[in-house]
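Worksheet: one structure, shown below.
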Amino acid sequence: MQVLVTGGVGYIGSHTVVSLLEAGHSVIVVDNLVNSKIETLDKIKQITNKDIIFYQVDVTDESAVENIFTNHSIDGIIHFAGLKAVSESVERPLTYYYNNLVSTLVLVKVCQKYNVNRFVFSSSATVYGDNKVPFVESMNLFPTTNPYGETKAISERILIDITKANPAFSLAILRYFNPVGAHESGLIGEAPNGIPNNLMPYVTQVAKGKLNKLRVFGNDYPTTDGTGVRDFIHVTDLAEGHVAALDYLTAGTHIYNLGTGEGTSVLELIHAFEVANEIKVPYEIVERRPGDIASCYADTTKAKQELGWVAKRDIIEMCRDAWRFEKNYKE
Ligand code: NAD
Ligand code: UDP
């Protein structure tokens, strides 16, 4: 297939481009580089030895997107492009709603015009809100607590309605749990701008000595050791889940959790990182972070049954690969 990947220079997108190329697909990447670096494309070429067509385009720009559709015959889209920082979305809701919703609307509109009927959308476990774990795709969704989460919940509803009205349209909504780790080559990985918000990049930067100490947000949650529990998934497993979804897609809406199905606490993750890499991660326990839930992990039955996909890489591999990338990474 010829696959258009929006946000393909970003963290999850770049790993998915590698998996797509390795599976024999050809790839067109569209990214405005608002949160990524062009050098990543060279790294992808180094890993795969394959070429990629790249457009530096903002996906909210309808005529620029349409131009891509007129230049190429596209079989399917994977739509990663979006802004993803929860706290920033609270400060800049308009930016988040505009970017994340308009990009999706533009893409679907152009897809309909050019009869492109395979669409894979990056959603998030955040749409489950504070539901009972494990989260199952059929659950009623709880309201999310921030504009970023709302953009995912609203995008899901928009895409589902559009799919209902167009019997030829095939939609996969993939709800990611907590993607971590990096490509085993150490060439591509997660490189957030500024001080990281997420746990794993914070841990790797403490290990590197760039940051002093990890702050563990709360140890009084109703979990095994009191710290938050998350379903960390290796980004390469996640990438492979996209290839499986794209290959499987049939008409209608298909929603899948992409997680491992296993919960790991913050303290367990720190410990796994120390064991995997033989390096200490100094930390202190501080207050809970507002908006966090105690536990979040997936029921992965549906993806396994329908896509034949399961996450294969364990927490030690996630920690090892995350650290290999951080060690090599130069700003
Ligand atoms: P990322 O920021 O690394 O990648 C997103 C890419 O999209 C970046 O390269 C950015 O430059 C690009 N982009 C943003 N807005 C754009 C626009 N209007 N036009 C063109 N390009 C644009 O983020 P990621 O972690 O790879 O996330 C990819 C997708 O998965 C996002 O939609 C995100 O919300 C979703 N998601 C991420 C996580 C996570 O923890 N990383 C969890 C759940 C869902
Ligand atoms: N966390 C932490 N310290 C940090 C960052 C995160 O203790 O510096 C905790 C956070 O409270 C949550 C877990 O790690 O329990 C995962 O947080 P992250 O921001 O990585 O992902 P989220 O699940 O919130 O999307």
Side-chain angles (χ1 to χ4, degrees), residues 5-16 29-38 40-41 55-61 64-65 78-87 89 95-96 98-104 106-107 120-127 145-146 148-149 151-152 155 174-180 188-193 195-203 205-206 211 213-219 221 223 226-233 235 238-239 242 258-259 263-267 269-270 283-297:
V5 181
T6 76
V9 190
Y11 173 46
I12 305 170
S14 58
H15 290 80
T16 303
V29 168
V30 190
D31 201 303
N32 64 358
L33 305 179
V34 68
N35 196 36
S36 49
K37 294 204 176 95
I38 188 79
T40 300
L41 290 177
Y55 287 88
Q56 186 170 346
V57 155
D58 190 313
V59 185
T60 61
D61 179 345
V65 171
I78 308 183
H79 178 32
F80 292 103
L83 299 174
K84 63 165 183 176
V86 170
S87 53
S89 80
T95 306
Y96 271 68
Y98 189 87
N99 191 72
N100 291 2
L101 297 182
V102 175
S103 60
T104 304
V106 162
L107 273 174
V120 178
F121 177 66
S122 295
S123 189
S124 164
T126 192
V127 299
T145 52
N146 56 74
Y148 166 71
T151 68
K152 292 298 175 193
S155 297
L174 304 181
R175 293 180 180 155
Y176 312 155
F177 282 69
N178 288 57
V180 294
I188 55 172
E190 189 173 17
N193 290 328
I195 296 177
N197 293 307
N198 296 112
L199 180 61
M200 185 65 98
Y202 209 106
V203 166
Q205 293 196 16
V206 169
L211 297 168
K213 201 189 267 184
L214 173 72
R215 288 172 307 148
V216 172
F217 297 135
N219 67 349
Y221 284 107
T223 59
T227 63
V229 164
R230 294 294 182 270
D231 184 341
F232 298 99
I233 174 170
V235 65
L238 191 64
H242 288 73
L258 296 185
T264 302
S265 75
V266 174
L267 290 182
L269 182 108
I270 297 169
Y283 70 86
E284 62 178 336
I285 308 285
V286 300
E287 288 294 291
R288 290 182 179 194
R289 182 172 67 177
D292 275 353
I293 57 173
S295 294
C296 169
Y297 53 90

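Whatever order the structure lists them in is the order used to number ligands and atoms, beginning at 1.
Residue V216 approaches ligand 2 through these ligand atoms, each under 4.0 Å from one of its heavy atoms: 7 (O). Set against the non-hydrogen atoms of S123, the atoms of ligand 1 under 4.0 Å away are 43 (C), 44 (C). For ligand 1 and N99, the ligand atoms under 4.0 Å from any heavy atom of the residue are 15 (N), 17 (C), 18 (N). Close approach to S122 involves these atoms of ligand 1, each under 4.0 Å from a residue heavy atom: 29 (C), 30 (O), 32 (O), 35 (C). Close approach to V266 involves these atoms of ligand 2, each under 4.0 Å from a residue heavy atom: 7 (O), 9 (C), 13 (C), 14 (O), 15 (O). Close approach of ligand 1 to L33 (heavy-atom distance below 4.0 Å) involves ligand atoms 11 (O). Residue V59 has at least one heavy-atom neighbour below 4.0 Å for each of these atoms of ligand 1: 17 (C), 18 (N), 19 (N), 20 (C). Of all atoms in ligand 2, listed by their number and element, those nearer than 4.0 Å to a heavy atom of N197 are 5 (C), 19 (O). Listed by number with element, the atoms of ligand 2 under 4.0 angstrom from any heavy atom of G228 are 15 (O).
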task = Carefully, step by step, assess K152 and Y176 under the rule side chain to side chain contact (heavy atoms under 4.5 Å, CB included).
result = CA-CA 11 Å; K152 292 298 175 193; Y176 312 155; over 6 Å; no
| request: Would you sort out whether L199 and L214 count as a side chain to side chain contact (heavy atoms under 4.5 Å, CB included), showing the intermediate values? | output: CA-CA 9 Å; L199 180 61; L214 173 72; 4.0 Å; yes
Walk me through it: do C296 and D231 pass the test side chain to side chain contact (heavy atoms under 4.5 Å, CB included)? CA-CA 6 Å; C296 169; D231 184 341; 5.7 Å; no
Check the pair V65 / V30 against side chain to side chain contact (heavy atoms under 4.5 Å, CB included), numbers first and verdict last. CA-CA 9 Å; V65 171; V30 190; 5.6 Å; no
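The protein heavy-atom contact nearest to atom 2 (O) of ligand 1 is N35 ND2, 2.7 Å. Looking only at protein heavy atoms, the nearest one to atom 21 (O) of ligand 2 is N178 ND2, 3.1 Å. Protein heavy atom at the shortest distance from atom 18 (P) of ligand 2 is N198 ND2, 3.5 Å. With hydrogens left out, the protein atom closest to atom 10 (C) of ligand 2 is D292 OD2, 3.4 Å, a heavy atom. The protein heavy atom nearest to atom 11 (O) of ligand 1 is D31 OD1, 2.7 Å. With respect to atom 4 (O) of ligand 1, the closest heavy atom belonging to the protein is G10 CA, 3.4 Å. Atom 24 (P) of ligand 1 has as its closest protein heavy atom K84 NZ, 3.8 Å. Scanning all protein heavy atoms for the shortest distance to atom 5 (C) of ligand 1 gives G82 O, 3.9 Å.
Relative to atom 3 (O) of ligand 1, the option among Y148, F177, Y11 with the closest non-hydrogen atom is Y11. Heavy-atom proximity to atom 28 (C) of ligand 1, evaluated over Y176, F80, Y55, is greatest for F80. In this structure, of Y202, Y221, F217, the residue bringing a heavy atom nearest to atom 4 (C) of ligand 2 is F217. By heavy-atom distance, the residue among K213, R230, R289, R215 lying nearest atom 3 (N) of ligand 2 is R215.
Of the possible donor and acceptor atoms, one in the side chain of N146 sits under 3.5 Å from a partner among the backbone N and O of G149.
Considering backbone and side-chain N/O atoms, S103 never comes within less than 3.5 Å of an N/O atom of ligand 1. For the pair P179 and ligand 1, the shortest N or O to N or O distance does not fall below 3.5 Å. Residue contacts with ligand 1: V30 is placed with no nitrogen or oxygen under 3.5 Å of a nitrogen or oxygen of the ligand (distance criterion only). Among the atoms of I12, some N or O lies under 3.5 angstrom from an N or O of ligand 1. Of the N or O atoms in L199, one or more lie within a sub-3.5 Å distance of an N or O in ligand 2. Polar contact with ligand 1: present for N32 (N/O pair, distance under 3.5 Å). The shortest N or O to N or O distance between V9 and ligand 1 is not below 3.5 Å.
Between L107 and T6, the closest side-chain pair of non-hydrogen atoms falls below 4.5 Å. Within the 4.5 Å cutoff, the side chain of N99 has heavy atoms near those of the T60 side chain. Looking at N100 and S89, their side chains never come closer than 4.5 Å, going by heavy atoms from C-beta outward.
Relative orientation of the Y96 and Y148 rings is perpendicular, given thresholds of 30° and 60° on the angle between their planes.
At least one heavy atom of V57 sits closer than 4.0 Å to an atom of ligand 1. Heavy-atom distances between T6 and ligand 1 stay at or above 4.0 Å for every pair. Residue-ligand proximity: K152 is placed with a non-hydrogen atom under 4.0 Å from ligand 1.
Separating the CZ atom in R288 from the OH atom in Y221 is a distance of 4.5 Å, to the nearest 0.5 Å. Here the CG atom belonging to L258 is positioned 5.0 Å from the CG atom belonging to L174, to the nearest 0.5 angstrom. Going from atom CZ of F217 over to atom CG of D292 covers 7.5 Å, rounded to the nearest 0.5 Å. Taken from NZ in K84 to OG in S124, the straight-line distance is 11.0 Å, to the nearest 0.5 Å. Summarising the geometry, atom OG1 belonging to T227 is positioned 7.5 Å from atom CD1 belonging to I270; distances are rounded to the nearest 0.5 Å. To the nearest 0.5 angstrom, E190 atom CD is 8.0 Å from I12 atom CD1.
A ring-centre distance under 6.0 Å is not found for F80 and H15.
Enclosure of atom CD in E287 is not indicated, since only 12 or fewer non-hydrogen atoms of other residues, nucleotides or ligands lie within 6.0 angstrom. Y283 OH: 12 or fewer foreign heavy atoms inside a 6.0 Å radius.
Neither the backbone nor the side chain of T126 comes within contact range of ligand 2; no heavy atom lies under 4.0 Å.
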